[in-house]
Structure formats: structure tokens, C-alpha cells
Amino acid sequence: MELSKNYIPTDVETKWYAHWIEKGYFNSKPDDRDPYTIVIPPPNVTGVLHMGHCLNNSIQDILVRRARMMGKNACWVPGTDHASIATEAKVVAMLRERGIAKSSLSRDEFLSYAWEWKEKYGGIILQQLRKLGCSLDWDRTSFTMDPDYYQSVVKVFNDLYAKGHIYRGKRMINWDVRAKTALSDEEVIYKEVQSKLYYIRYRIDTGSESHQEYITIATVRPETIMGDTAICVNPIDERFKHLHGKFAFVPLINRRIPIIPDEYVEIDFGTGALKVTPAHDINDYQLGQKYQLEIIDTMNDDGTMSEASQIFIGEDRFDVRKKIIPELESAGNLVKIEEYTNQVGFSERTDAVVESRLSLQWWVSMKAISEPALKAVMDEEINFHPSKFKNLYRHWMENIKDWCISRQLWWGHRIPAYYLEDGSFVVAHSLEEAFEKFKIQNSKVQIEDIKQDEDCLDTWFSSWLWPFEVFKGLSEPGNAEVKYYYPTNTLVTAPEIIFFWVARMIMAGYEYQGEKPFSDVYFTGIVRDKQGRKMSKSLGNSPDLLGLIDQYGADAVRFGIMIASPAGNDLLFDESSLEQGRNFNNKLWNALKLLKMWEARQADLSTDLKNDFAINWFENRLHTVKAEVEVLMQQFRLSEALKIIYSLVWDDFCSWYLEWIKPGFEKPMDKAVYQRTVTYFEELMQLLHPFVPFITEEIYHLLDEQSDDLCMKQNQPIKVANESITAAGELLKNVISALRDARNKNQLKPKETIKLHIQSENISSYQDIEKILAKQVNAEETKFTTEPIANSIVVAIEKDKFFIETEKVLDATTLKAELLKDLEYQTKFLQSVSLKLSNERFVQNAKPEVVDFERKKQADAEARIKTIEESLGNLN
RNA sequence: GGGAGCAUAGCUCAGCUGGUUUAGAGCAUCUGCCUUACAAGCAGAGGGUCCGCGGUUCGAACCCGUGUGCUCCCA
């Protein structure tokens, strides 16, 4: 079989994914094994694969594949989130393009467009995850608006309402005037903007026309003055003391409003006098509550002025901000205008400036249900990785605020509250149940008179049920699946949704399953570009992932993302790491080609494997790394695990081991050594498989006839490493490197052979490795010596000396310079060690093994210095 | 304004219990190699005021204080 020069991923990846699916390897059913369960953080149904998903899902796939290879019944559940605001926005935009306004459609018409759109474009991302190699159980694909799921959301709403955790209340909310919906605090993004601060004077009611007096306030929002119902000053502010209890007139509309004292006002800000507009500012609202001020809502839900404004009715708030200034000026109320920088809230979804607005909304009271959720994380019933997020979580949970769950949208779970014309309402599972409930109060009620709430629930009100509802834990309580798979094992998600989603899932888990939803939460970093900017559509710095997969292969993309992704830190994405991944795959491919060459050249040379240094050493290294990987994976240090496997493969296996066992030019390969090497290569592929599943499966099958697939191959127990072999290997590597360096520095061409003389008190330690050493430094012969060899290059490693004898004329100055440099280093080193040892307090206080180690360092340095001095003497 | 975190080589990061480190890795850089698996490669090398200052200690990249700079979350 002819293998291509370089590894070509495309066909290989398609072939193996289809094979795995055909075999049903990713499908899980409850059995007597332990489960290992992950539920995917459901991407938006409208989503397309971006870097964040790629990182997140690569991590999940690594965890799931590894669990599957460790004898667990691995189950990774896919699905999508209906994402009410984002999806509705896309559908509205799509309709607008077709010339259809949402307002011209009935709810049912709009929803049929939305479903049509969802069926057509929704779930593209799930197809893309297949390309990435994700081993999801596709038969379990869920959607947060599936009929059962819908029922469970309704059930939870009814239940929380019955328990008194859901209430309806008029509250100050963030209002998106473009989407005409309420936003949670988390959906508001504050940005610094350049504004103007307007100084406006209000005439005081002095009771006399002749005596004119004014109070000047400063505001960035002059368009809201029509909603003013008070002016507030600080009670200790001397400038205004005489005005306490007096009244002033709102400019242009002449409303008479009280001047009230309250500590809330900062004396130093603006003029020290604050206009109070309870309908349009959260702080003013609180002042209004405190002093029972009138609330005048001067704005419509689309950001235009309402009837209550008296002037500028129907005009947009920002137009009014401009138009009102000349009017104030001609009325003599404008004092001055200053430049001012302030923080303004923008809608995360529509980027419209958010209004504070009073509105009747549905709320979840969080205090009671959040307590077990806080405790679970604090007591490490649920473990956060990295643990620094525990603090953040505690801070938020201890200051938790009620959750506004209604959204003025159609796409989503419609709020199961039902109203009569008179405003009375019931919460019910269905219209019929609502009818029954109303009939108890009033037997004359007709079912046609009942109207369901027009609003939808916040998307997170359904996704907080995800870890159990994907197993129908609420629609079919206590079923065999939920009993087997719940609680799930690991949740992998981004830290920015720790409160939106993670915290709420924990709450719902305890409330509805009486148990935590997962044991570990792994927080990935945020994916940024090379310059450290967050990847986003608007910046256009998000690379085309499918393009990258086509270009480099999915394995290389996974590798590139994982190698650069330290646990809990942000990932600075750079395409060069994908190149590193591609190069690594190519390295694996070439190692395969080398083995295939040897396969054809096998002969029975009866090598004694038990006593072969290279064989023993590599087995040792393999098991050492396996054990290290085990520990790192338990700590979720995936990036580091991949790094040490990378180094094991590239350095230990390819650069050292394969070179050590390589037969001479056109010599045969020992059959036993070859077979053992195939086994090692297979084990490497197995270790690597969770990270780069495609190429490892391909190589596994090309190495040998296999009766199974690597993807399902079970890991073997790890052997305890023999440290003396590891140490001998390290010594060998050091000696080879030092001798090669010496060759390089003395300009010996790689092809020029040398004679190597070894001077050591411990000759036996070189017996096993002598042949390898000779081959690796291109020595035609090696001898042991007790005397220095004249006219040779000297290399000292620990207490041993190596003399390189060559026919080439050596440059004594170079040799001398090298030795002097080394001598200087060793002398300084010896000084620092001796200084430490001569410090009595060190010797007294430090642990004995530390002192012993310092003594060893001292002795070694002294020996080295002696060697170098001898060699220098030899040169002269 | 409140909270959390970070600062180590050109870049991205390790360094877990203060002592196997006059600080390590990968990438990048430089030098030499078309060596019959691989130039997407091989063999080597150079590169650091561990952000500044002060303290604790026999001993500090690590602990404490302080200053500076940056990032994120919340208001």
C-alpha cells in the first residue's frame, strides 16, 4: 500500500465519522456500567459554529471520548435552545426583507413563519458539530420548545406560582424600545458615551410676581423634564436650605412640584439640585416611592413621547432632546451646556439605548430557591474549575435579585396566565384548566372570554431545566433514564453565563430533582483574537471555522484550539496553532510511513526485548506520561495533558525511540522489535484519540489488521514506572545532546565520524546504552578510558568525561573559549551554593534533605570545575 | 462606585507545599544540515530586572503590605 507524502485529512474524517455513526458507538442506553453524562450547552437554534462553540465542544468531546475509553457508559446529549430574543429578531429581520412587518401579522401567522424558518435554518450548528468530530448521541437531540419540554416549563411556572415564588408586579425595568421588550439587567451593556450636561433653571413659586427666584438643575436627559414630579437637594447643602418645602415650576409645562431634601443627592455633582422623574429613572423611582411622588410616564413603549408629556407628543425621545433646547432657551430656562462623559445602557440584542420604565412583569423571587444552590457550591458538592469562580458565584448569590421572567415576544414559551376582561387572572396548565378555575369564582364565565398572557418567558426559564428535562425528568418523573443519567457529570460552559444559566440550573436541579444537576463545572475562557479582542460578528474577527476545518482538518483545528487553551484562561486564537496541529498530524503520518517501511523488512534477529534499553525505556516513558495525563485530566488541565502527549509522541517516540531502534542503512528490522513498536504506536494513538479522533483511528487501522475500532478500545491499567530506567534515559539524552553540541561548535559535519572515549567511574551504566550513543553521535567506535585523551574535544557530564577524537584539526581557541565559559558558570554556581552552606542558620533551619542536596550540588560543581581545569591544562 | 482576577523569554503560558531552578515549555528567532519517515523536517544555540518599592524568612517568582498597569463581572 502506498501512503501519501503528507497526511490528507478530508476523506479520512468523513469516512470515520460515518463509520462511528453506523456502528452506533455514540448511542447510549442505561446498562450496568457507570454512566458518564454531559449535556451540551444548547447553542441557539439560529447559531452557526464559531470559535467559542469549537473550544467548548472540543473539550466536551475530549472528556466524553476519554470516559468512553475508560469503561464508562458515555452519553453526550445534543440539542438547541429556542433563544427567544435572538431568534425572534432574526425572523423579524427576515420578514422585513420580504416586506412584511411583524405588526401586520397575527401571533399565529408570525409563529408559523418562525417555525418554518426554524425548520429550514435551525440546527445547522448540529451538522457542523459532526464535522468537528463530536461524539454526540444524535438520537437524543432535544430542543427547548419540544412539546414535552414546553409542558414542563408550564408545569414549573404553575408550581412556582403555587409555592408563592412567582409574582406579578409593577417594577422599574430595562426597556428595549426597538424590540419593545423588557430586558434583564444582564442583557444591558453599559458603554461610555460623550453626552451633554444641560443646566436648566426652574422658577421657584415665591407667591409674588415681582420677586423672581430660580433653582438650577443639571441633567443629561432634558426630554424627561415633563415627567418631573419633584426637585431634590441634599439636606445639609447650605445653598438650598431656604428652599426646603417650597415649590418650583417645571419649565414649558408649568407643573408645580415640591423641593424635597434627601441624602441621596451628591452636593458636588452638577448644581447640587436633582430633578426627580420617577417614571424614567431607577433612582428617581426609589425617591418617588419614599416620598410618594406622582409617577408621570411621558414615554410610549417605542420611545416616543406619550400624551402625558403634554408637548412633543408622538415624537422620538432623541429628537425631542434636540428640539427642547431652543424652546428652553427662548423661555429663559437654559443656563448653560457642558460636555459630559457618562455610562449609558444599551440593549445587548438590538443596541438600542435602554429606557428605565415601569411595567407589569412576572417575577421569580430568588431568595428561597437560591439557598441550596449557594450551599452546594460552597460545600463543594459541585466543583468549579477553576475554583476562582466560586468567589464570584458566592458574591452574586448572596446579593441575588428577583428575576424578571416575562419578555414581550411571541417566539418562546407563552406565559401560562389567563385573564378576564376585568383584569382578574389565574395561572393554569391550559386554557381548559383556567376555565375551570375561573368558574369556581364566577359560574357565568365563558371560555371565549378568557385570554392568555401575550408575553413569553425568558429563554433561561426553559434552559434551567435542561440537565434533567433532556431525560424527561419532569414530564415523566422518575423514569429509568433520568434515574440513570442524572445527576450528570460535567458541565462545560463559558464563565459569562455563570449566573444566567449555571446558577439557575443548580437551583432548578435541587427544586425539581432534589439533587445537583452536575458534579463538576469546567469554565472555558473567552476566545479572543491575536490582539486580545473578543471575537464578534461586528468586529469581523471571527474566522470561518468550516473553512479552517477544510484547510487544516478537524483534528488540527481541535489540536490548535486545545494546545493554546490553558484551564480557565482566555484563549488567544492564532491560526499558527492550527498549523502546529497540522504539522503534528503530519509527523504522526510520517512515523506511520517509517513503520510501514520496516514492516516490509522484518527478519528474526532474536533481540532480547526484556534487556533492550530502548524498548524498556520507551515503555517506561509511555506509562509515566499515561499516569501524568490521568492526573491532569482529573484536574481538567486538558491543555497541559495534550502538551505532554505531544512531547511524548514527537520527542520521546519519534526523535529518540525510533532513532534508537532504527536499523542501519538497508539493514533488516527485527520482527520482535517491530511488533513491540507497533504496540507502542497503537497505545500512543489510544492516548491521543480523545484529542484528535480522526487521524488516530486512521493510523490505528493502517498499523495492523484490527478487529475493533480505536474509538471504543478500552484503556489498559497503567504500569508503575521504573525510575532508574527513566534516569538512564535522561542521562543518555543529555550525553547525546552535549556531544552533538560539541560536534556542532567544532564544525564537525554530521557525516564525519568520530572516535568516542568515555571516562567514568561507573562503566556499567554505559553498557546498555553504548551502541545507541555511538549511533546517535556518529561514532565509529567507543572505548572506555581512565586517562584523558590528548588533542580531543572534552565534554563533561555530571562526573563523567567524554573525549571526541577526530582526524579534523581542532581549533584550540574555540575549545578554550567554550571551556572558559563553562568554568565561569560553574565557579559562580559553586560560589552561590557555598555561600548558602556557610550560612549557619541555613544549615540549622533548613530541612536535612535540602541541606544534603545543596552539599551534593557543591560536590558536583567542584568535580566539574576540576574536570574543566584538567581539560584546559590538556590544551596548553 | 462595588467585586473578582491577572502581571514570568519576542508571543502564549507552566512553575501546585517557600528550598532538586544563579527560573522551565511550546511557538517564534538564529546557526548548521536536501542524513534513504518527515524541510509541514533534522541537529544545535541564543534569549529573563519573575511589573516597581518595602516587609516576613536562614532562604521569596511563590507569603504579607503598597504603588502602577491591564482584564472581566456587577451597578
Side-chain angles (χ1 to χ4, degrees), chain A residues 3 5-7 185-186 188 190 266 282-283 343 345 386 388-396 398-399 401 495-496 498-499 525-526 528 530 532 534 552 556 560 563-574 576-577 579-598 631 635 637 639-640 642-644 646-647 650-651 654-655 658-659 662 665-666 736-745 747-751 776-778 825-833 835-847 849-854 856-857:
Chain A
L3 295 178
K5 185 174 183 307
N6 290 327
Y7 174 63
D185 289 346
E186 289 83 0
V188 178
Y190 289 87
E266 279 178 52
I282 182 73
N283 297 309
Q343 298 278 317
K388 66 181 178 189
F389 289 112
K390 256 175 85 174
N391 283 339
L392 196 69
Y393 181 82
R394 188 185 54 218
H395 188 257
W396 192 77
E398 283 174 351
N399 297 289
K401 290 183 206 132
E496 61 233 44
I498 184 167
F499 309 125
I526 295 165
R528 299 174 178 282
K530 243 173 143 176
K534 199 168 163 172
Y552 294 96
I563 202 81
S565 185
N569 275 7
D570 287 355
L571 159 73
L572 267 78
F573 178 76
D574 183 351
S576 70
S577 68
E579 222 169 285
Q580 194 187 347
R582 183 199 57 186
N583 294 355
F584 180 53
N585 288 339
N586 203 43
K587 187 75 184 175
L588 294 173
W589 188 249
N590 277 292
L592 172 72
K593 275 163 63 188
L594 179 63
L595 260 72
K596 286 283 131 184
M597 252 179 63
W598 290 345
V631 172
Q635 298 171 337
R637 297 163 78 168
S639 182
E640 281 170 67
L642 178 57
K643 274 179 191 166
I644 64 169
Y646 173 82
S647 166
W650 199 306
D651 303 329
C654 293
S655 296
L658 290 180
E659 293 301 328
K662 191 182 258 181
F665 185 56
E666 288 187 342
I736 292 169
S737 293
L739 292 175
R740 280 173 174 169
D741 185 31
R743 289 184 56 121
N744 250 354
K745 290 213 166 98
Q747 283 156 355
L748 289 174
K749 289 253 150 51
K751 277 183 178 164
Q776 292 275 279
V777 300
N778 199 14
Y825 178 91
Q826 293 298 335
T827 313
K828 276 192 185 164
F829 181 71
L830 179 63
Q831 261 171 23
S832 79
V833 176
L835 193 72
K836 221 179 202 180
L837 283 167
S838 63
N839 182 340
E840 269 175 45
R841 291 201 285 180
F842 168 70
V843 182
Q844 278 163 20
N845 293 324
K847 279 179 275 181
E849 58 267 33
V850 174
V851 179
D852 284 349
F853 186 74
E854 291 299 317
K856 187 181 175 297
K857 286 203 301 202

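Quantities reported herein were computed from a predicted structural model and do not represent experimental measurements. We use all heavy atoms of the structure for the numbers below, so side chains are in, but hydrogens, waters and symmetry mates are not. Numbered from 1 within each chain, the chains take letters A, B, ... in sequence-line order.
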L658(A) vs L595(A) side-chain heavy atoms within contact, under 4.5 Å: yes

Summary of protein contacts for nucleotides 33-39 of chain B, nucleotide by nucleotide, where a base hit scores B, a sugar-phosphate-only hit scores S (4.0 Å, heavy atoms): ---BBBS

5'-to-3' dot-bracket of RNA chain B (Watson-Crick, G-U; under 3.5 angstrom; crossing pairs as [ ]; | other strand): (((((((..((((.....[....)))).(((((.......))))).....(((((..]....)))))))))))).

Atom-to-atom span, CD1 of I498(A) to C1' of G5(B) - whole angstrom: 13 Å

Phosphate OP1/OP2 of A40(B): any R582(A) side-chain N/O under 4.0 Å: no

Protein-nucleotide distance (N744(A), atom CG; G46(B), atom P), rounded to Å: 12 Å

S737(A) side-chain N/O to G44(B) phosphate OP1/OP2 under 4.0 Å: yes

Approximate separation, where rounding is to 0.5 Å, of N586(A) CG and L592(A) CG: 11.5 Å

K587(A) and N590(A): side chain donor to acceptor below 3.5 Å: no

Partner residues of D741(A) under the salt bridge (charged side-chain N to carboxylate O under 4.0 Å, His left out) criterion, sequence neighbours left out: K745(A)

Residues in ring-ring contact (aromatic ring centres under 6.0 Å, His included) contact with W598(A), at least two apart in sequence or another chain: none

Sugar-phosphate only, base, or nothing, as touched by D741(A) at under 4.0 Å among non-hydrogen atoms: sugar-phosphate

Atom-pair distance (CZ on R740(A); C1' on U31(B)), nearest Å: 16 Å

Electrostatic pair K643(A)-E640(A), nearest N-O below 4.0 angstrom: no

Residue E398(A) excluded, over 12 heavy atoms near CD under 6.0 Å: yes

Partners meeting side-chain contact (heavy atoms from CB on, under 4.5 Å) with K857(A) (sequence neighbours left out): F829(A), V833(A), F853(A), E854(A)

Protein proximity profile, nucleotides 20-30 of chain B - base contact B, sugar-phosphate-only contact S, no contact -, cut-off 4.0 Å on heavy atoms: B-B---SS---

L739(A) side, atom CG; L748(A) side, atom CG - distance, nearest 0.5 Å: 11.0 Å

